[in-house]
Amino acid sequence: MKKMSMAEMLSAAEKNNCAIAAINASNLETISAVLAAASHCSAPVILQFSPLQHAAEDISYREVTQLAELISLRYEHGAYVVHQDHGESFEDCLNALEGGFTSIMYDGAALSYEENIANSARVRAVGKDFFLESELGVLGAECSEQTGELDDTAYTRPELVKEFVERTGCDSLAVSIGNAHGIYKREPKLRLDILDEIHAVCPVPLVLHGASGIPYDHIRLAISKGIRKINFFTQLDTAFMSAFRTEADKGAYMMFAQGAGFKAMTEKCEELIQLCTGGKIKC
Ligand code: 13P
């Protein structure tokens, strides 16, 4: 299985009018599930790892890079890149770069517009050669804690996009168009009208976070309107955990419960990889 850069992957997605699935993983079973699925589909996948996962599992960026490299040797087909998800500080981002990640996200969405730009630009100026994802707008989950609703200020404002990308120097842009992390409290309604406006002015590929729970036909529509990277976590976590629990509840040894989790997550990853690429990129 080959390594690909994020730039190569997203430009292949652009050329083929499809997207690349970006899936969070943080241990042997989940990293194996993501890479096995990409190999079974002969497709590219983005393997993501966040500071939250780093803290929860006490596994370093370097170890994730090495584990992915090692597991990828099992497979002939497919391609992957390791990407940092939601670096919330300059130090988070440096940690990922020092751990061999070639693609990172600086997430300053909770800050003011100017602070978000200043911090993204500071990360950009580190001087290494890497791919930078930044975020403009506030995702639904963060917003609903305050108001229970997405208000207008939470959506990415299309009129700010060009300036934001120019001043941050980011290589891709995560947008807020009605998407939220975690389990949706009601069926999400993506604001595809806002996505159209963003796409018309944005010079870099667009990223959709919080894709678990968004109906597949909405995801396909979002892809047709320029989304090129799609982030999934909760759906895979649920697939793994419910298979794991079923085995554990039967009194199975840990290895069998983990094996069942791995299998269920691999199958769900395959479904999502196919949903995003539509079989258009073979590697
Ligand atoms: P979900 O957990 O909602 O799929 O979101 C994942 C995500 O956006 C990671 O950045």
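Indexing begins at 1, ligand by ligand and atom by atom, following the structure's order.
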Looking only at atom types and distance, does a side-chain atom of Thr156 sit under 3.5 Å from a main-chain N or O of Leu136, one as donor and one as acceptor? yes

Could you tell me, atom by atom, which parts of ligand 1 come under 4.0 Å of a heavy atom of His209? 8 (O), 10 (O)

Among protein heavy atoms, which sits nearest to atom 4 (O) of ligand 1, and what does the distance come to when rounded to 0.1 Å? Ser212 OG, 2.5 Å

Side chain, backbone, both or neither: which part of Asp237 comes within less than 4.0 Å of ligand 1 when only heavy atoms are counted? neither

What closest approach, in Å, do Gly87 and Pro51 show between heavy atoms, and which atom pair accounts for it? CA-CG, 4.0 Å

Which one holds for Thr234 and ligand 1: side chain close, backbone close, both close, or neither close, with close meaning a heavy atom under 4.0 Å? both

Sub-4.0 Å heavy-atom approach of Gly213 to ligand 1: no

Is it the case that Tyr61 and Gln66 place a side-chain donor and acceptor less than 3.5 Å from each other? no

Pair Asp193 + Lys225: basic N to acidic O under 4.0 Å: no

Quick one: look up the protein heavy atom nearest atom 10 (O) of ligand 1 and list residue, atom name and how far away it is. Asp85 OD2, 2.7 Å

What one should report as the nearest heavy-atom pair of Phe262 and Ala36 is CZ-CB, 4.2 Å

Logged contact type for Ala22 with ligand 1, heavy-atom cut-off 4.0 Å, is neither

Only heavy atoms of Phe233, strictly under 4.0 Å: list the atoms of ligand 1 that pass. 1 (P), 2 (O), 4 (O), 6 (C)

What atoms of ligand 1 come closer than 4.0 angstrom to any heavy atom of Ala180? 3 (O)

Check ligand 1 against Phe232 and write out every atom of the ligand that is under 4.0 Å from a heavy-atom position of the residue. 4 (O), 6 (C)

Atom 5 (O) of ligand 1 sits nearest the protein heavy atom Gly210 CA, 3.2 Å

Tell me which protein heavy atom sits closest to atom 7 (C) of ligand 1, plus the residue, atom name and distance to 0.1 Å. His181 CD2, 3.3 Å

For residues Ala79 and Ala38, report the shortest heavy-atom separation together with the two atoms involved. O-CB, 4.4 Å

So which atom in Gly213 and which in Gln235 form the shortest heavy-atom distance, rounded to 0.1 Å? N-OE1, 3.9 Å

Under 3.5 Å: donor-acceptor pair, side chain of Asn179, backbone of Leu139: no

So which heavy atom in the protein is nearest atom 3 (O) of ligand 1, and how far is it from that ligand atom? Gly182 N, 3.0 Å

Ligand 1 versus His86, non-hydrogen atoms closer than 4.0 Å: side chain, backbone, both, neither? side chain

Which ligand 1 atoms does Asn24 reach within 4.0 Å, using its non-hydrogen atoms? 9 (C)

Under a single-linkage rule joining Ile, Leu, Val, Met, Phe, Trp and Tyr whose side-chain heavy atoms are separated by less than 4.5 Å, which residues share a cluster with Phe131? Met4, Met6, Met9, Leu10, Ile20, Ile46, Val81, Ile281

Distance, nearest 0.5 Å, that separates CG of Leu97 from CZ of Phe130: 5.5 Å

